[in-house]
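Structure first, commentary second.
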Amino acid sequence: ALPIWGFDNSGNLELPKTFSVIVDNTAPDTMIKTTEPLYNDGAILYCSSNTKWYVSAADILGGSGTAAGYIGTDLNSLKMSGNGKESEQTYVSLDGEGPVNLYYTAIDNVGNLAPIKMLAVTIDKTAPVVSIANSNRLINKDEEYMVFPSDTVVDEEGRVIVSTSETVSFAAKDELSGVDAIYIKVNDGEYTKYVEPVRFTQNAVYKIEVKAIDNVGNVSEPVMYTFYVDQITPNSEVEIIDRSGNLLPTTTSENAKDAL
């Protein structure tokens, strides 16, 4: 508090007055916040392209208060972003994909500037890619053996041919934040989280939609796979030919002995 008073040229002295002032030499405390959750894999911090950023700043108790926050990827050209409180006007979005450095600070109403801080983040805007994972069954198709499944092991309608004795696995790949989960929908059912290979239990056509989500929320477009379950057991016959090349009419044990 500062006491003040005045007097005129005749020597009249006014009663003392008190003027109170608070000295604020402390800059605001700053944090950076987002509208969407971030993902940290232990080494890299990831965000989606939908993430909006803003500076949260608070001055000391009794201080002058936060005047403005500043944020941006160019250290020499930070954008003013509100007064340290969340609002539509304070949001900043990041363009492109890949790693960026995000700088931020804040200033209070008497000019105390907080130290500029930096946050390294990698923007992931690409959804995972789903696929069928191979099983260990060999199929003979057009005299060529291949590992199931293969796009060429299909019937005339483009359906992958399977049996009830096998399962089909699905996989997904994401180059940045990584795959969080795979979801499948069988025929007219609902999407459920994929946890184990799909087993075919009936002689039917299975239409399976597969999609995946990565660790920052990017969701792939559903991919449709159609499987035809073949439960028909092969019917084989034995033909016996004698030494002269004649086909014997029956496959009885007696005919087999005569042919020897």
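Along the sequence shown, the residues carry numbers beginning at 1.
- Applying the side chain to side chain donor-acceptor pair (under 3.5 Å) test to pairs two or more places apart or on separate chains, none has a residue in residues 74-83.
- Tyr206 and Phe200 have their aromatic ring centers within a separation under 6.0 angstrom.
- Taking NZ from Lys117 and CE from Met31, the interatomic distance works out to 8.0 Å, rounded to the nearest 0.5 Å.
- In this structure, Asn187 contributes its side chain and Gly189 its backbone to no donor-acceptor pair below 3.5 Å.
- Scanning all heavy atoms of the two residues, the minimum distance from Asp108 to Asp24 falls at OD2-OD2, 3.2 Å.
- Side-chain contact between Ser169 and Tyr194 is present, with heavy atoms from C-beta onward closer than 4.5 Å.
- The one candidate from Thr73, Ile116, Ile32, Ile71 that meets the side-chain contact (heavy atoms from CB on, under 4.5 Å) condition with Tyr103 is Ile116.
- Shortest non-hydrogen contact noted between Pro128 and Ile213 is CG-C, 3.8 Å.
- Screening residues 41-55 for side chain to side chain donor-acceptor pair (under 3.5 Å), with sequence neighbours left out, gives Ser48-Thr51, Tyr54-Glu86.
- Closest approach of Thr105 to Thr30, counting heavy atoms only: C-CG2, 4.1 Å.
- Annotation: side chain of Leu45 is in contact with side chain of Leu119 (closest heavy-atom distance under 4.5 Å).
- Between Thr90 and Val55 there is no side-chain heavy-atom pair separated by less than 4.5 Å.
- Put simply, the side chain of Tyr191 reaches to within 4.5 Å of the side chain of Pro222, judged on heavy atoms.
- Here CG of Leu38 is found 12.0 Å from CG of Asn215. Values are rounded to the nearest 0.5 Å.
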Self-check item: Audit row: Lys211, Val219, side chain to side chain contact (heavy atoms under 4.5 Å, CB included) steps and yes/no
Solution: CA-CA 7 Å; Lys211 64 181 180 180; Val219 182; 4.2 Å; yes

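- With hydrogens and angles disregarded, no donor-acceptor distance shorter than 3.5 Å links the side chain of Thr66 to the backbone of Ala68.
- When every heavy atom of Ala172 is checked against every heavy atom of Ile182, the shortest pair comes out as N-CD1, 3.7 Å.
- No side-chain heavy atom of Val92 sits under 4.5 Å from any side-chain heavy atom of Tyr104.
- For the pair Lys185/Glu190, no side-chain contact is recorded, criterion being any heavy-atom separation below 4.5 Å from C-beta on.
- Ser177 and Asp124 are linked by a side-chain donor-acceptor pair at a separation below 3.5 angstrom, with hydrogens and angles left out of the test.
- Interatomic distance, Leu75 CG to Met118 CE, rounded to the nearest 0.5 Å: 9.5 Å.
- Counting only heavy atoms from C-beta outward, the side chains of Asp180 and Asp214 never approach each other to under 4.5 Å.
- A heavy-atom distance below 4.5 Å is not found between the side chains of Ile44 and Tyr39.
- Smallest separation of non-hydrogen atoms from Gly65 and Asp59: N-OD2, 2.9 Å.
- Of the inter-residue distances, the one linking Ile60 atom CD1 with Thr26 atom OG1 reads 4.0 Å to the nearest 0.5 angstrom.
- For Val205 against Tyr228, the heavy-atom pair with the smallest separation is CG2-CD1, 4.0 Å.
- Side-chain contact check for Tyr225 and Glu209: no donor-acceptor pair (N or O, by modelled atom type) lies under 3.5 Å.
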